[in-house]
Enquirer: 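Got a structure for you, written out below as structure tokens; questions coming shortly.
Quick note on labels: first sequence line is chain A, next is B, and so on, each numbered from 1.
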Amino acid sequence: MSLNLTLVGQLIAFAIFVWFCMKFVWPPLITAMREREEKIAGGLQQADKAEKDLELAKKKAAETLHEAKANAAELIEQANKRATQLVEEAKDQARAEGERIKSAAQAEVDQEVNRAKETLRAQVALLSVAGAEKILGASVDSEAHSKMLDQLASEL
Amino acid sequence: MAGGSSTDYIKHHLTNLVYGEKADGTWGFATTAEEIGEMGFWAIHVDSLGWSFAMGALFLLVFTRAAKRATAGVPSGLQNVVEVVVEFVDKTVKEGFHGRNPLIGPLALTIFVWVFLMNSLKWVPVDVIPGIAHALGAPYFKIVPTADPNGTFGISLGVFILIIFYSIKVKGVGGFAKELSLTPFNHWALIPFNLFLEIIGLVAKPMSLALRLFGNMYAGEVVFILIALLPFYLQWTLNVPWAIFHILVIPLQAFIFMVLTIVYMSQAHEDH
């Protein structure tokens, strides 16, 4: 149990172990651990950034969507307006056309009637002259009168 | 128990296997207590030294393996275990030592793991390895190197040398001498008194390191040996709790040795 040379042996062993540890064990382990720490920290930071980016992108997408919806609504409204306008225009046009056709027809009809009247008048005059000639030709023949009158009437 | 009285058994278990020069001038293993006494300083505890070498080699083997494969990627298995220990030691060093010295980390790690491994030999039942050694012809055998004052003083002497070395390196010979002679009382008349106090304080550092570890381990071992004197069917009632208790004692003593080393090294680096 006394102190002896073992102490020196132990001291030398201690020195060698510490030297070896300092040379081959400690540096690679600590370096690897530090590197990993940095890597993890970087990864976490990136994850944070990505999350923020995602949020921003989401917001932007929502904004764009909203804008597109508003645009679409406006377009539809415009189209509707235009459509009603077109319909109104078409209606107006149709009405005007109808009116025009109607007045043209009316004019034609009037013209025709006038023409007929004219012809009739001429014929009536002719007939009356013819009738008077006939009456004056066979004066007392009532039968012939009436016959002639009938003829006149049917010719009218 | 290999015959003989209890006292013999205890003495036998507390004696190291010693190699040295016998009284008649021949070299060999001491077979009796008298022969060990005659060998004096120039003798070697083959068992203590062998087991401490083995434990140190085990430590370096395992840690070098992990260090070689260490990457910044995902660690696994052995590397995890090793990194936990290194991280723990590194944290303790950072808390206790504020200077910059690449030696302190490896020093603390070596002390912690090596002392822990040497202490942990106590968990081996007291008769197993000595029994094998006796069967192979060794007259004595004692396996726990930290229950041998040589084992603990060897380490604390190394720490002491480092304390002196760094004290002189950081503060200069003059600065170190000044610290020894002018603290705590800064007056020329009190220099001898200061020197007396400071040198006692300085020498107490390795003494306390070595004796604390040795005392704890030796006492624990004596208790294990005493328990081994009980009838075999009763031993478990005491040696199981005592071994469980050592789950606390063994790492704690290694930790204390490491922390105190860090503190002493830190003091050596402090320039007033």
Enquirer: I'd like to know if the side chain of A:Gln10 reaches the main chain of B:Gly154, judged simply by a donor and an acceptor atom lying under 3.5 Å from each other, with no hydrogens or angles considered.
Expert: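 No; zero donor-acceptor contacts below 3.5 Å.
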Enquirer: For residues B:Leu109 and A:Cys21, report the shortest heavy-atom separation together with the two atoms involved.
Expert: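 Shortest heavy-atom contact: CD2-SG, 3.8 Å.
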Enquirer: Determine the minimum heavy-atom distance between B:Ala70 and A:Pro28, stating which atoms define it.
Expert: CB-O, 4.2 Å
Enquirer: With only heavy atoms counted, which part of B:Gln79 is less than 4.5 Å from chain A, the side chain, the backbone, both or neither?
Expert: side chain
Enquirer: Verify, without hydrogens or angle tests, whether A:Thr6 (side chain) and B:Ile44 (backbone) share a donor-acceptor contact under 3.5 angstrom.
Expert: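 Absent.
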Enquirer: Identify which of B:Val89, B:Asp90, B:Val46 forms the greatest number of heavy-atom pairs closer than 4.5 Å to chain A.
Expert: B:Asp90
Enquirer: Minimum heavy-atom separation for B:Val159 and A:Phe14, please, with both atom names.
Expert: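 That would be N-CE2, 4.1 Å.
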Enquirer: Take a 6.0 Å sphere around CD of A:Glu89 and say whether it holds more than 12 heavy atoms from other residues, nucleotides or ligands.
Expert: yes
Enquirer: Check B:Val62, B:Val113, B:Thr64, B:Val86 against A:Val25 for a side chain to side chain contact (heavy atoms under 4.5 Å, CB included) and give me the one that passes.
Expert: B:Thr64
Enquirer: Kindly compute the distance separating OG1 (B:Thr71) from CE (A:Met33), expressed to the nearest 0.5 Å.
Expert: 12.5 Å
Enquirer: Are the side chain of A:Asn4 and the backbone N or O of B:Trp42 linked by a donor-acceptor pair below 3.5 Å?
Expert: no
Enquirer: Which answer fits A:Ile12, side chain, backbone, both or neither, if we ask what part of it has an atom under 4.5 Å from a heavy atom of chain B?
Expert: neither
Enquirer: When rounded to the nearest 0.5 angstrom, what is the spacing between CG in B:Asn150 and CG in A:Leu3?
Expert: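 Reported value, rounded in 0.5 Å steps: 5.0 Å.
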Enquirer: With chain A, which of B:Ser156, B:Gly73, B:Gly40 has the greatest number of heavy-atom pairs at distances under 4.5 Å?
Expert: B:Gly73
Enquirer: Is a donor on one side and an acceptor on the other found under 3.5 Å between the side chain of A:Arg36 and the backbone of B:Val74?
Expert: no
Enquirer: Using a cut-off of under 4.5 Å on heavy-atom pairs, state which of B:Gly151, B:Ala43, B:Pro102 scores highest against chain A.
Expert: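 If we count pairs closer than 4.5 Å to chain A, B:Ala43 comes out on top.
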Enquirer: So how far is it from A:Ile16 CD1 to B:Thr110 OG1, rounded to the nearest 0.5 Å?
Expert: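 Reported to 0.5 Å precision, the distance equals 12.0 Å.
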Enquirer: Measure B:Leu162 against the heavy atoms of chain A and call it side chain, backbone, both or neither at under 4.5 Å.
Expert: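 The answer is neither part of B:Leu162.
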Enquirer: B:Phe63, B:Trp114, B:Phe53: which one forms the most heavy-atom pairs within less than 4.5 Å of chain A?
Expert: B:Trp114
Enquirer: Can you say whether A:Ala13 sits under 4.5 Å from chain B via the side chain, the backbone, both, or neither, judging by heavy atoms?
Expert: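 It is both, since atoms from each part get that close.
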Enquirer: I'd like to know which of B:Gly105, B:Gly158, B:Ala66 tops the heavy-atom pair count under 4.5 Å against chain A.
Expert: B:Gly105
Enquirer: Just wondering, are more than 12 heavy atoms of other shown residues or ligands nearer than 6.0 Å to CZ in B:Arg65?
Expert: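 For B:Arg65, atom CZ is not crowded (no more than 12 foreign heavy atoms under 6.0 Å).
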Enquirer: So which residue, B:Ile155, B:Leu157, B:Leu107, ends up with the most heavy-atom pairs under 4.5 Å with chain A?
Expert: B:Ile155
Enquirer: Would you name the heavy atoms of A:Val18 and B:Pro106 that are closest together and state the gap between them?
Expert: O-CB, 4.4 Å
Enquirer: Once you round to the nearest 0.5 Å, how far does CG of B:Leu103 lie from CH2 of A:Trp19?
Expert: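 Rounded to the nearest 0.5 Å, the CG-CH2 separation comes to 13.5 Å.
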Enquirer: Non-hydrogen atoms of chain A under 4.5 Å away: do they reach the side chain of B:Met118, the backbone, both or neither?
Expert: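 B:Met118 touches chain A through side-chain heavy atoms alone.
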Enquirer: Need one label for A:Glu37: side chain, backbone, both or neither, based on atoms under 4.5 Å from any heavy atom in chain B.
Expert: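 For A:Glu37, side-chain heavy atoms alone lie under 4.5 Å from chain B.
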Enquirer: Quick check for you: to the nearest 0.5 Å, what is the distance between A:Leu5 atom CG and B:Met39 atom CE?
Expert: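 The CE atom of B:Met39 is 12.0 Å from CG of A:Leu5, to the nearest 0.5 Å.
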Enquirer: Rounded to the nearest 0.5 Å, what's the gap from CZ on B:Phe59 to CZ on A:Phe20? Could you check?
Expert: 9.5 Å
